[in-house]
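Quick note on labels: first sequence line is chain A, next is B, and so on, each numbered from 1.
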Amino acid sequence: MEILRELFNMTALGDITWQTLIMWAIAFVLLYLGIKKGYEPLLLVPIAFGVLLANFPGGQMGVVDAQLIELEGGRYMNLFEIAHEYGIMNYLYYSLIKTGLLPPIIFMGVGVLTDFGPMLRNLKLALFGAAAQIGIFSILLGAVAVGFTAKEAASLGIIGGADGPTAIYTTIKLAPHLLGPIAIAAYSYMALVPVIIPLVAKLLISKKEFTINMKEMDRKYPAKYEIKNLKAAKIIFPIALGTLAAIMVPSSVPLLGMLLFGNLIKEIGSSTSRLADAAQGPIMNTATIFLGLTVGATMTSEVFLSAKTIGIVVGGFVAFAISIAGGILAVKIYNTFSKKKINPLVGATGLSAVPMASRVANELALKYDKKNHILQYCMASNISGVIGSAVAAGVLISFLQ
Amino acid sequence: MTDAIQLMLTGMGTVFFMLIMVVVLGNVIIRITNTFAVVSNQPGKTSTSRGIEPAKLAAIVSAVDVVTRGKGKVSSVEKIDE
């Protein structure tokens, strides 16, 4: 009998609570969405497995509150002490996430995957990437009104930028205790872009507006000048924009600077192609694994099962929808004053979710007119949305940190 | 709440300002490269490249660029009858 009791004590069976079971259920649902439904599997699968690891009782894989690693005199435990006391997941979290290292590293890879060509060809459309950031600031107001602190509200609002690394980076800086739910909400809604954009677009765009043919408009009202050396322009652009951003919004530099560096090493071409390959391949993949697992591991039952999580899930969706609506309405306002009309779907893609938002908008336009390909125009506002949300994050961090 | 409204106005203002600057910067860069860095030899438009599909031509130019690490240029492409 004594042996059986010792055997029972050796297992985690006695430590499993109803909260543990709920967290396992959440992890299983997220794994199902990532594996079976294909919703952002590269991030949702590591995040979901991180949730599981954090909620295995006795596994020592859940991320602990920062107060526990604080020592007297405003000092913190060193990484060896953290690993010894709280396990390897906390070592990874406090060295890679809490320092804000991984989101900019991922942004470097995103930069390699980004092509500023469509934006340079349609520069005016970049302004709709600004209008689509309205969701961030609207939800900031709403969240403050319902009792979130300004820092928490800003972290919630940034979900409206539809940019995972930006949302995570802002939350690390402003409200690290909400990192898990915010990351989950941001990536879940990004995965739901094919549902949310058509939903909002059909509410706000008329059938006539859906059929506005951008190529026809270009033929009617051609650009004043053509680009004679796109390659040179694409090399100079990230250097010049990085310099400008560093001067105007320095707090956006960790994200925007790394994005532009990644883009530069791609655009230079074959002489830096090895760097570009590394940034978009092994480095970004490694960063993604550790980001996903550690963010998931912040979602212990004590942190996740709270009223604020519900607020984040609802608020994140509303932020997303307002951002899409903001872009669409900005195009509508523009169209009332301009002869050269723009398809409002171009405004809907002012969020960062590149290139999924553009693909969804293009498919939507093709439903109304089989010859109306608007992908390259959507990409212009879509890419500017990445810049816009990074700038918005920079503003929030510099004002609230 | 007043602080949140101020932050909203400042934030949206800054985002618009930065993206207006992106538009201005982009235009300036295009004008400068159009003036000082015009690409004179477009391989797709050479007379000897006639009869070759643009996509194939682009693939050949890209392959040469990778293999020669940017040093090689394609001046003409011809079909060779066997």
So what's closer than 4.5 Å to chain B heavy atoms on A:F237: side chain, backbone, both or neither? both

Return yes when atom NZ of A:K124 has more than 12 non-hydrogen atoms of other residues, nucleotides or ligands closer than 6.0 Å, and no otherwise. no

Which heavy atom of B:G26 sits nearest a heavy atom of A:L120, and at what distance? CA-CD2, 4.1 Å

From the list B:I5, B:T10, B:N27, the residue making the most non-hydrogen contacts under 4.5 Å with chain A is B:N27

Determine the option with the most heavy-atom pairs under 4.5 angstrom with chain B, choosing from A:G269, A:A154, A:S384. A:S384

Residue part contacting chain B, namely of A:A143, when any heavy atom lies under 4.5 Å: neither

For A:A150, which atoms come within 4.5 Å of any heavy atom of chain B: side chain, backbone, both, or neither? neither

Take A:I134 and B:M8 through the side chain to side chain contact (heavy atoms under 4.5 Å, CB included) test and state the conclusion after the steps. CA-CA 8 Å; A:I134 188 75; B:M8 181 183 191; 3.7 Å; yes

Relative to chain A, which of B:R31, B:M18, B:M12 shows the most heavy atom pairs under 4.5 Å? B:M12

Where does A:L125 contact chain B at under 4.5 Å (heavy atoms): side chain, backbone, both or neither? neither

Among B:D3, B:T33, B:N34, B:V23, single out the residue with the greatest number of heavy-atom pairs under 4.5 Å to chain A. B:N34

Is A:K340 atom NZ crowded by more than 12 heavy atoms from other residues, nucleotides or ligands, each under 6.0 Å away? yes

Can you say whether A:S389 sits under 4.5 Å from chain B via the side chain, the backbone, both, or neither, judging by heavy atoms? neither

Which one of A:A392, A:A130, A:G388, A:G394 has the most heavy-atom pairs closer than 4.5 Å to chain B? A:A130

Shortest non-hydrogen separation from B:I30 to A:E226 and the atoms involved: CG2-O, 4.4 Å

I'd like to know which of B:L9, B:V28, B:V22 tops the heavy-atom pair count under 4.5 Å against chain A. B:V22

Output the distance between atom CD1 (B:I29) and atom CD1 (A:I235), rounded to the nearest 0.5 Å. 11.5 Å

Where does A:I387 contact chain B at under 4.5 Å (heavy atoms): side chain, backbone, both or neither? side chain

Between A:L230, A:V249, A:L127, A:L400, the one whose heavy-atom pairs under 4.5 Å with chain B are most numerous: A:L127

Closest approach of A:V144 and B:A4, non-hydrogen atoms and distance? CG2-CB, 4.2 Å

A:L123 side, atom CG; B:L19 side, atom CG - distance, nearest 0.5 Å: 10.5 Å

What part of B:L7 gets closer than 4.5 Å to chain A, counting heavy atoms only: side chain, backbone, both or neither? both

Point-to-point distance, once rounded to the nearest 0.5 Å, from OG1 of B:T14 to CD of A:Q133: 12.0 Å

A:A153 versus chain B, the contacting section by heavy-atom distance below 4.5 Å: neither

Measure across B:G11 and A:F137 and return the closest heavy-atom pair with its distance rounded to 0.1 Å. CA-CZ, 3.5 Å

